[in-house]
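For reference, the structure is listed below as structure tokens.
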Amino acid sequence: MAWCELLGREVEYLALSRDTTESDLKQRREIIGGSLLWSDQPPVRAAREGRILILDGLEKAERNVLPTLNNLLENREMSLQDGTFLTSPERFDSLQDLAAGSDARLVRVHQDFRVIALGLPVPEFPGFPLDPPLRSRFQARRVGGYTPVPELLAELRERYPGVPEEVLQKLVTFSDAISQMIRAGAEIPGPRPWALPDDALASVCSALHRFPGEHAARLLHRAYPHSLLPQETATACSDALIGVDLRMPSGSAEDGGLPAAAYRLAAIEAAADLPTAQVRFEYAGTGEAVSSRVTRGDGEPSLSVPKRLVDVPTHATLLAEAMQSISQGLSVCLVGPNGEGKSVLARRLAGILGYGLEQTYTLHAYKDMTSRDLLQRRGTDESGDTRWDPSPFLTAALSGGLCILDGLQRLRPDTLAALQSFCADGDLELPNGDRLLRHDRYAALAASLPSAPGGPLSPPGAAGAPPEAIAL
């Protein structure tokens, strides 16, 4: 995306999953006004308009689906369901007289059309290996890899000058230990931890900058929950933490319980004319107050405990930690066995932030849920025309509500991956072709482009996510 932005190129984005079909790569049938119409999908739109097509998650799609694009990638040709035929620019120009005929139904592929495919190496990661003919149509480049310790340390030191140097060195050393275990595990049997997310250390340092009294190991566990890994790998990660003197606090989640929170929720007060609230945390050691601003619902934020609910110390700790994450603009994931009160905690957090019942949306996940079901579902109106009905998640995002995804563990990884761009960047590609943009990006785009009917921001087009949209 950064490369496309640097060159000023328009982008069509398609997130692949096991549910991707040939219709998602070519054209989808729509009934509008009682007539059957064909709606172009991202690959076809990109080919016609000369845009960059980004195929995200190659390893997630079934092997018999992606070969549909082989001829388009190699020869810039593809037959479509509506009877038209995408033709390479050279061949189209040589057949210009024939192409101009009313019955030819040839469509010229733009000469600037390019494809960028993103994927994970298989079998190092789970997924489907690439079909050899499809693989031969790309030039592979490996992205990422090991970042030298001095460079990573210098970057964190520059971005977070308030974090102690000793803590930064410990965090970077732990990151280096995880990278070494991953590289060693690819060659010999041994612990294979998850790769440390790119923003994990930045998230920890940002929290330490806001809440200097927090324990670095506890914040690191919040960003990289290594205790959820298999026993051998979790032990290796714990040993790495001990080796850099970043021991988890006694009684932490790694040991089956939570210690008292370093900061407790002291008060929350709604801003007068803004959809935000001021939260005050108090450090348990000295009573020093730390204030932070969070988004809120239309109701009155309150720390009062609902009737018939006992406020136990464990829940108070989890709520304080969740509020810290929300104050950083992050989403929250509550993990625990059945009957531990995760749903109660989610509703309690919604109440603290002022989200009433009408602003709290619950989406119950199930095993066979597809990536489309998370966002939109196909339906028909009274006249029989097809339409896309928003899911509770999308309704919450568009209306500025709070969404609770209940039963997240039931979803397949490729289904859950449909939300990664929203949780990371606030942007989302919808199945109906619309693009959900983060509120500030939408405002900047609206200021630079015409907003008249039929303009780039008119339906179908981009939809703006309100600043108060939160995914829980």
Side-chain angles (χ1 to χ4, degrees), residues 1-7 9-26 28 40-47 49-70 72-73 78 113-131 134-135 137-145 194-195 197-199 331 369-376 391 393-394 397 411-438 441 462-463 465 471:
M1 298 295 283
W3 180 79
C4 296
E5 184 177 1
L6 182 65
L7 296 183
R9 297 293 303 274
E10 295 182 349
V11 171
E12 291 285 350
Y13 177 89
L14 178 61
L16 301 173
S17 68
R18 288 172 55 183
D19 309 307
T20 303
T21 64
E22 183 177 339
S23 297
D24 298 317
L25 302 177
K26 290 186 173 183
R28 185 185 291 119
D40 293 340
Q41 297 308 294
V44 178
R45 293 198 299 266
E49 303 297 333
R51 297 167 179 161
I52 301 293
L53 172 63
I54 297 180
L55 300 174
D56 193 1
L58 280 184
E59 79 286 351
K60 299 182 179 70
E62 299 280 358
R63 291 190 63 179
N64 62 338
V65 173
L66 290 181
T68 303
L69 299 176
N70 279 351
L72 179 64
L73 294 173
M78 186 167 66
F113 168 60
R114 295 293 184 272
V115 179
I116 299 176
L118 310 177
L120 300 176
V122 177
E124 182 179 348
F125 293 92
F128 298 98
L130 286 183
D131 185 57
L134 177 68
R135 185 177 56 205
R137 281 145 176 100
F138 294 99
Q139 292 188 352
R141 295 290 184 271
R142 186 177 182 90
V143 179
W194 301 323
D198 293 338
D199 60 346
S331 301
M369 177 176 277
T370 66
S371 55
R372 290 194 196 93
D373 295 333
L374 278 176
L375 306 173
Q376 292 175 315
S391 69
F393 176 87
L394 184 57
L411 298 178
R412 301 192 310 262
D414 62 293
T415 300
L416 189 58
L419 301 180
Q420 64 183 1
S421 62
F422 182 86
C423 292
D425 304 319
D427 299 345
L428 195 61
E429 299 287 336
L430 301 179
N432 67 346
D434 287 355
R435 180 175 300 170
L436 189 70
L437 297 180
R438 198 174 59 209
R441 295 186 57 193

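Within the 4.5 Å cutoff, side-chain heavy atoms of R18 are placed close to those of E62. Between L53 and P42, some side-chain heavy-atom pair lies under the 4.5 Å cut-off. A 4.5 Å side-chain heavy-atom check between L411 and L374 finds at least one atom pair inside the cut-off. Counting heavy atoms from C-beta outward, L7 and I52 have side chains that stay 4.5 Å or more apart. Counting heavy atoms from C-beta outward, L394 and Q376 have side chains that approach closer than 4.5 Å. Under the 4.5 Å side-chain criterion, counting only non-hydrogen atoms from C-beta, L118 is in contact with I116. Counting only heavy atoms from C-beta outward, the side chains of R142 and P121 approach each other to under 4.5 Å. L72 places none of its side-chain heavy atoms less than 4.5 Å from the side chain of V44.
Listed here is the closest heavy atom pair of F138 and A117: CE2-CB, 3.7 Å. L16 and L58 get closest at one heavy-atom pair: CD1-CD2, 3.7 Å. Taking each heavy atom of V11 and R435 in turn, the nearest pair found is O-NH2, 2.9 Å. Of all non-hydrogen atoms in L69 and M78, the two that sit nearest each other are CD2-SD, 4.4 Å. Pairing each heavy atom of T415 with each of S371, the nearest pair is CG2-N, 3.6 Å.
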Quick one: do I54 and M1 satisfy side chain to side chain contact (heavy atoms under 4.5 Å, CB included)? Show the steps, please.
CA-CA 9 Å; I54 297 180; M1 298 295 283; 3.5 Å; yes
D56 and Q420: CA distance, side-chain angles, deciding distance, side chain to side chain contact (heavy atoms under 4.5 Å, CB included) verdict:
CA-CA 11 Å; D56 193 1; Q420 64 183 1; 3.6 Å; yes
L73 vs L134, test: side chain to side chain contact (heavy atoms under 4.5 Å, CB included). Steps then yes/no.
CA-CA 9 Å; L73 294 173; L134 177 68; 3.6 Å; yes
For T20 and L66, run side chain to side chain contact (heavy atoms under 4.5 Å, CB included): C-alpha distance rounded to whole Å, both residues' side-chain angles, the deciding distance at 0.1 Å, then the answer.
CA-CA 9 Å; T20 303; L66 290 181; over 6 Å; no
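For the atom pair CZ (F128) and CG (D414), the distance works out to 8.0 Å, reported to the nearest 0.5 Å. To the nearest 0.5 Å, atom CG of residue D131 and atom CG of residue N64 are 9.5 Å apart. Here the straight-line distance linking atom CG of D24 with atom OG of S17 works out to 8.0 Å at 0.5 Å rounding. Atom CD of residue E49 and atom CD of residue E12 lie 8.5 Å apart, to the nearest 0.5 angstrom. Distance check, rounded to the nearest 0.5 Å: CG of L14 to CD of E429 gives 9.0 Å.
T68 is linked by a side-chain hydrogen bond (donor to acceptor under 3.5 Å, both in side chains) to nothing, counting only residues two or more places apart in sequence or in another chain.
Exactly one residue among R372, R412, K60 makes a salt bridge (charged side-chain N to carboxylate O under 4.0 Å, His left out) with D19. That residue is R412.
Between the side chain of R45 and the backbone N or O of D40 there is at least one donor-acceptor pair closer than 3.5 Å. Checking side-chain atoms of E59 against main-chain N and O of V122 turns up no donor-acceptor pair under 3.5 Å. Looking only at distances, no side-chain donor or acceptor of S23 sits under 3.5 Å from a matching main-chain atom of R28.
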